[in-house]
Amino acid sequence: MEKTYQPHAIERSWYETWEKKGYFAPTGQGDPYCIMIPPPNVTGSLHMGHGFNNAIMDCLIRYQRMKGRNTLWQPGCDHAGIATQMVVERQLGAQGVSRHDLGREKFLDKVWEWKEASGGTITGQIRRLGSSVDWSRERFTMDEGLSEAVKEAFVRLHEDGLIYRGKRLVNWDPKLHTAISDLEVENLDEKGNLWHFRYPLADGATTADGKDHIVVATTRPETMLGDAAVAVHPEDERYQNLIGQFVLLPLVNRRIPIVADDYVDREFGTGCVKITPAHDFNDYEVGKRHGLPLINVLDRDAAILASAQVFNIDGTPNHEQDPTLPGAYAGQDRFEARKAIVAEFERLGLLEKVDDHALKVPRGDRSGVVIEPWLTDQWYVSTKALAEPAIKAVENGEIQFVPKQYENMYFAWMRDIQDWCISRQLWWGHRIPAWYDAQGNVYVGRDEAEVRAKYSLGDAPLHQDEDVLDTWFSSALWTFSTLGWPQNTDALKAFHSTDVLVTGFDIIFFWVARMIMMTLHFMKDEDGKPQVPFKYVYVHGLVRDSQGHKMSKSKGNVLDPLDLIDGITLEDLVQKRTANMMQPQLAAKIEKQTRKEFPEGIASYGTDALRFTFCSLASTGRDIKFDMGRMEGYRNFCNKIWNAARYVLMNTEHEDGSPRDCGQFGGDAQGSESVAGGRTPGATEVTLSLADRWIISRLQRTEEQVEKALAEFRFDLASQALFEFIWNEYCDWYLELSKPVLWDEQASEAQLRGTRRTLVRVLEAALRIAHPFMPYITEEIWQRLAPLAGRQGETIMLQPFPEAKAEKIDAAAEADIEWLKGVIVGVRNIRGEMAISPAKPIDVLFRKGTPGDAERLQNNQQFLKKLANLASVRWLADDEEAPLAATALVGETEVLVPMAGLIDKDAELARLQKELDKLSKSIKQVEGKLGNANFVDKAPEAVVAKERAKLEEARSACERLQAQYDKIAAL
RNA sequence: AGGACUAUAGCUCAGUUGGUUAGAGCGCUACCUUGACAUGGUAGAGGUCGGCAGUUCGAAUCUGCCUAGUCCUACCA
């Protein structure tokens, strides 16, 4: 083996082997266990969040696979309608071509081309992360099968009365020319103005204080062209006499009523609100209550129309209202028009004042432009009926969120859920299965033929709806559409409901909630009981940069997980972060920041270290600040494992690589190493040392801890338990304790065999525990180690996960080792504080202690001598005078390092004083507790007893050290 | 405006149903190239657990208030 761990030397080939051998596919044996990958955007690339997500899922899948479950982890991507179309349009735009130049069909060909070209990025990344997904079942939301499922779901929902079409206000993106759902709108705090306009009263009416106008305020002056009313609060005394009167809308000369509505906040501004039902969601509701017309003044680019489009609240055309608009603004962009209209008000003396105003501006999460509420025909999913069972499924525990707190977030959203606008004015996506006849009647069906037959349309001309469905509509079907629905496939029967969904909290509404609704609606058991999509939703935090900022392309702080695996130079990283930017003006800032954060670029850490880091950061928090230092630590951990394995192999193989006797040959003499190693044929007895029994016992406890932590989705605790066991117990102590045995020329064959067997078996088991966290290094080492441990198998992937055995827990061995460690640490401490070279063997005396302690010393001298580098040890007789010595206490035992020639008087006094201070602090604390009658009376007996024991021990230790102190001080 | 979450060592984070001398990694200090490993070893230093009250014999842990930060939902024209 190489002297240091070289991740890139082992990773790729193992993944290829695993994949080629088909280890990732379900075995067909055992209880099914299924995870569906949250589909990333097919044209994107994985970021740290995906890396994190994959580490968790693969950990769960590999663990369950090793536990014998029939595991399916299914990969795939979604088609990301808006994002993908934007990318392709941008590419075409660079060549001066628009999608309209190409036409729908040719444009879609281009998109498919791009998908084919870029789709490999993500699958390549998933492979490099070591994810054991079943590639044979990879799915894509635009696949034929999934498209079939989408169509089927749409038609059925329509038949069930849960999909409808209507003219409503939607969030319109004037750049992308499509409706988007309210979830895709980001409300950002921005600075703006509040313009106060005078609206003259009609018919000579006046306000209570004699004015001939009222004042309304607006943040969007251009919408005044579509005003249909002015509203005041019904109980507002100032305007009582005006309710039912009219104002004459400036610029337009439209006569609009003054209505009373308690939506109005009397305290805000003048208490008068202009009502524009076609351009504001609240005004739309007011308009509904007062029968106001919807006066649309914007076109699809959010430029001003030459003539308004007027509708009644039910969406039918309104012919009563005069649609005339002032010609001056026709065709002007909304912000241009805004300026012009404000200027005109000012010219007319109707601009009362302009205030600065902080407001929330709705922006499209993709385009970044200001979203306009706009009146269009759209398709909606009626959500109320679907939400109800979805709420129940979580309430009654059929679906559990981990951590539980996210259930509140889910409930809050679900209980106030709005109908879901699912149509998008795009070309890339699932086309809506609806057809229109010449009269504009709409028919929904699986295809045109079905529609004609079902509605007896003969050969009347029909045309299909031009729109496509929201990508999240197809994602909502993900758990079952990917298993073959609407066909009742074997896979669907076996793996649905799936077991766990692993995701970030940011898409609970977008995806998780909608999946729950759709799945409960469509998937039923044989007895008609709705199926949940998954039993657990494990919600993890969002990976942030070291400053705690969210990683985003525009901030230029994104990291590609592969760059942490393989490493990247500073120049390449800068290049990567500043390429293809939407806002190139930020490049300089990003470059500077990148150079500051990664002055040396990023080193190569390997997949295993990255994955272990992700797992160790997976606690219950919401934010995960990614810490490079931590990853470096876990890379070192891999190196530690690597070198531990080297040590084990060195001691369990001969120089030619043939195995030594590690007890792997069982009870017969087959495979005897009599030829190579002088083993007596047939001899199989094994003697386990104290250290052997101890490490075996600790292994059981580790197995318990990991098991428990994984059951609770505490990947951080699981990885920590593993880390501690391997580094702090196996490497720091056990390997050191094995040396005195292996290097003892007097050691019996049974002793050697026992220690070798323990060395390999414990490490082999530890590798299996670690495998779900660090698949590559564990496989690499396991291949060499398994035969020595007497294990058969082609891969560690399919080996059983170790299970704790209660009978192997050895409390006595643990106590003995604790004592031994106490002695060793005590001596080392004296060495350290007294500046005695670790290379110098010293003599140590023992005194007091329990009879058991003396026996411990007797039995384990070899360990002590080696680990503390002692020349000699000796237990003083009761009546024997102790020489002047530095003292350490281990329980009852006093460990003495004679001072003669070695120890400086003042240094030892200082050291003792430090110990005494510590003890007296502790004594004071405990005395305080025990001196409190309330404590003694009310606290449980066991607690009081524990405190008493603690006090006694501390006092005794204190006395002994004090005596020692006095003795030395008297010199 | 409503709600949620977070606050523990210089940094990144653990701390299980209230009873510990409050832990880990990184960083820091001193010493050590001893035959697995300097991507290492040994020994250390470092915290009045954001603040204030309360419940309790006992609070990092439970309750309330305050402060700071993050986020979500809704929204004032």
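Labels below follow one simple rule: chain letters A, B, ... track the order of the sequence lines, proteins then strands, and each chain is numbered from 1.
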Of the nucleotides B:rA43, B:rG41, B:rA14, which one has an atom closest to the side chain of A:Q720? B:rA14
G-U wobble or Watson-Crick pairing nucleotide for B:rC57 (cut-off 3.5 Å, both distances): B:rG19
Nearest-nucleotide pick for A:R828, side chain only, options being B:rU42, B:rC76, B:rG19: B:rU42
The nucleotide from B:rC57, B:rA14, B:rA36 with an atom nearest the side chain of A:A644 is B:rA36
If I pick the P atom on B:rC66 and the same atom on B:rG46, what distance separates them, to the nearest angstrom? 37 Å
Please name the nucleotide paired to B:rC5 by Watson-Crick or G-U wobble geometry with both distances under 3.5 Å, or report none. B:rG69
Please state the P separation for the pair B:rU42 and B:rC5 - nearest whole angstrom. 41 Å
Separation of the C1' atoms in B:rG54 and B:rA68, to the nearest angstrom: 23 Å
If you check every side-chain atom of A:K918, which of B:rC57, B:rU21, B:rG41 has the closest atom? B:rU21
Ranking B:rA43, B:rC37, B:rC57 by distance to the side chain of A:N643, first place goes to B:rC37
Find the distance A:D545:CG to B:rU12:P and express it as a whole number of Å. 12 Å
N or O in side chain of A:W727 less than 4.0 angstrom from B:rG41 OP1/OP2: yes
What I want to check is whether the side chains of A:H196 and A:D355 have a donor and an acceptor closer together than 3.5 Å. yes
Side chain of A:D623: nearest nucleotide among B:rU20, B:rA36, B:rU70? B:rU70
Please state whether the phosphate of B:rC5, meaning OP1 or OP2, lies under 4.0 angstrom from any side-chain nitrogen or oxygen of A:K404. no
What is the separation between atom OH on A:Y634 and atom P on B:rC37, rounded to the nearest whole Å? 24 Å
Keeping the roles fixed (side chain from A:R363, backbone from A:L188), state whether a donor-acceptor pair exists under 3.5 Å. no
Rounded distance in Å between the C1' positions of B:rA24 and B:rA9: 11 Å
Quick one: do A:E927 and A:K924 make a salt bridge, cutoff under 4.0 Å? no
Nearest whole angstrom, please: distance from the C1' of B:rA22 to the NZ of A:K921. 11 Å
Under 4.0 Å between a side-chain N or O of A:Y263 and OP1 or OP2 of B:rC76? yes
Does the side chain of A:S738 come under 3.5 Å of the side chain of A:E736 through a donor N or O and an acceptor N or O? no
May I ask you to evaluate whether A:K550 reaches the phosphate of B:rC71, defined as a side-chain N or O under 4.0 Å from OP1 or OP2? no
Decide, yes or no, whether a salt bridge links A:R198 with A:E352 under the criterion of side-chain N to carboxylate O below 4.0 Å. yes
Side chain of A:K640 only, heavy atoms from C-beta on: which candidate in B:rC37, B:rU42, B:rC76 is closest? B:rC37
Strictly by Watson-Crick or wobble contacts shorter than 3.5 Å, is anything paired with B:rC49, and which nucleotide is it? none
For a quick test of reading the model: is some side-chain N or O of A:N187 closer than 4.0 Å to OP1 or OP2 of B:rU73? no
Checking B:rC37, B:rA14, B:rA77 against the side chain of A:L717 (C-beta onward), the nearest is B:rA14
Would you tell me if any nitrogen or oxygen in the side chain of A:K950 comes within less than 4.0 Å of OP1 or OP2 on B:rU21? yes
Please give the distance between the P atoms of B:rG47 and B:rG23 as a whole number of Å. 13 Å
Classify A:K625 by what it touches in the nucleic acid, base, sugar-phosphate, or nothing, heavy-atom distance under 4.0 Å. sugar-phosphate
With rounding to whole Å, what would you report as the distance between B:rU61 and B:rU70 at their C1' atoms? 23 Å
N or O in side chain of A:R415 less than 4.0 angstrom from B:rG3 OP1/OP2: no
Ignoring hydrogens and geometry beyond distance, is the side chain of A:E736 in donor-acceptor contact with the base of B:rA36 at under 3.5 Å? yes
So what's B:rU12 paired with, Watson-Crick or G-U wobble, going by both distances under 3.5 Å? B:rA24
Both distances under 3.5 Å, Watson-Crick or G-U wobble: report the partner of B:rU29, or none. B:rA43
Please give the distance between the C1' atoms of B:rG64 and B:rA59 as a whole number of Å. 15 Å
A:E597 CD to B:rC11 C1', straight-line distance once rounded to whole Å: 13 Å
Tell me whether the OP1 or OP2 atom of B:rC76 has a side-chain N or O from A:H357 closer than 4.0 Å. no
Taking only the side-chain nitrogens and oxygens of A:K929, find out if one of them lies under 4.0 Å from OP1 or OP2 of B:rG58. no
Any salt bridge linking A:E915 with A:R911? Criterion: basic side-chain nitrogen under 4.0 Å from a carboxylate oxygen. no
Identify which nucleotide among B:rA43, B:rC75, B:rA77 has an atom closest to any side-chain atom of A:N282, counting heavy atoms from C-beta outward. B:rC75
A:D236/A:R266 ion pair, N-O < 4.0 Å: no
Does either side chain, that of A:E184 or that of A:S181, offer a donor lying less than 3.5 Å from an acceptor on the other one? yes
Taking the six-membered ring for Trp, does A:W743 stack with B:rG35 (centroid gap under 5.5 Å, planes within less than 30°)? yes
Send over the distance from A:D716 CG to B:rU16 C1', rounded to a whole Å. 12 Å
Counting the atoms with a prime plus P, OP1 and OP2 as sugar-phosphate, which does A:V648 contact under 4.0 Å by heavy atoms, base, sugar-phosphate, or nothing? nothing
Phosphate-side-chain proximity, A:K708 and B:rU16, N/O vs OP1/OP2 below 4.0 Å: no
Strand partner of B:rC76, provided both Watson-Crick or wobble distances fall under 3.5 Å: none
Can you check the A:I824 CD1 to B:rA43 P distance for me, whole Å? 10 Å
Do the charged groups of A:E372 and A:R220 touch, with an N to O distance under 4.0 Å? yes
C1' gap between B:rA22 and B:rA60, integer Å: 8 Å
Please confirm whether any donor atom in the side chain of A:R714 sits under 3.5 Å from an acceptor in the base of B:rU16, or the reverse. no
Quick note, A:N636 side chain, CB onward, closest among B:rU42, B:rA14, B:rU39 is B:rU39
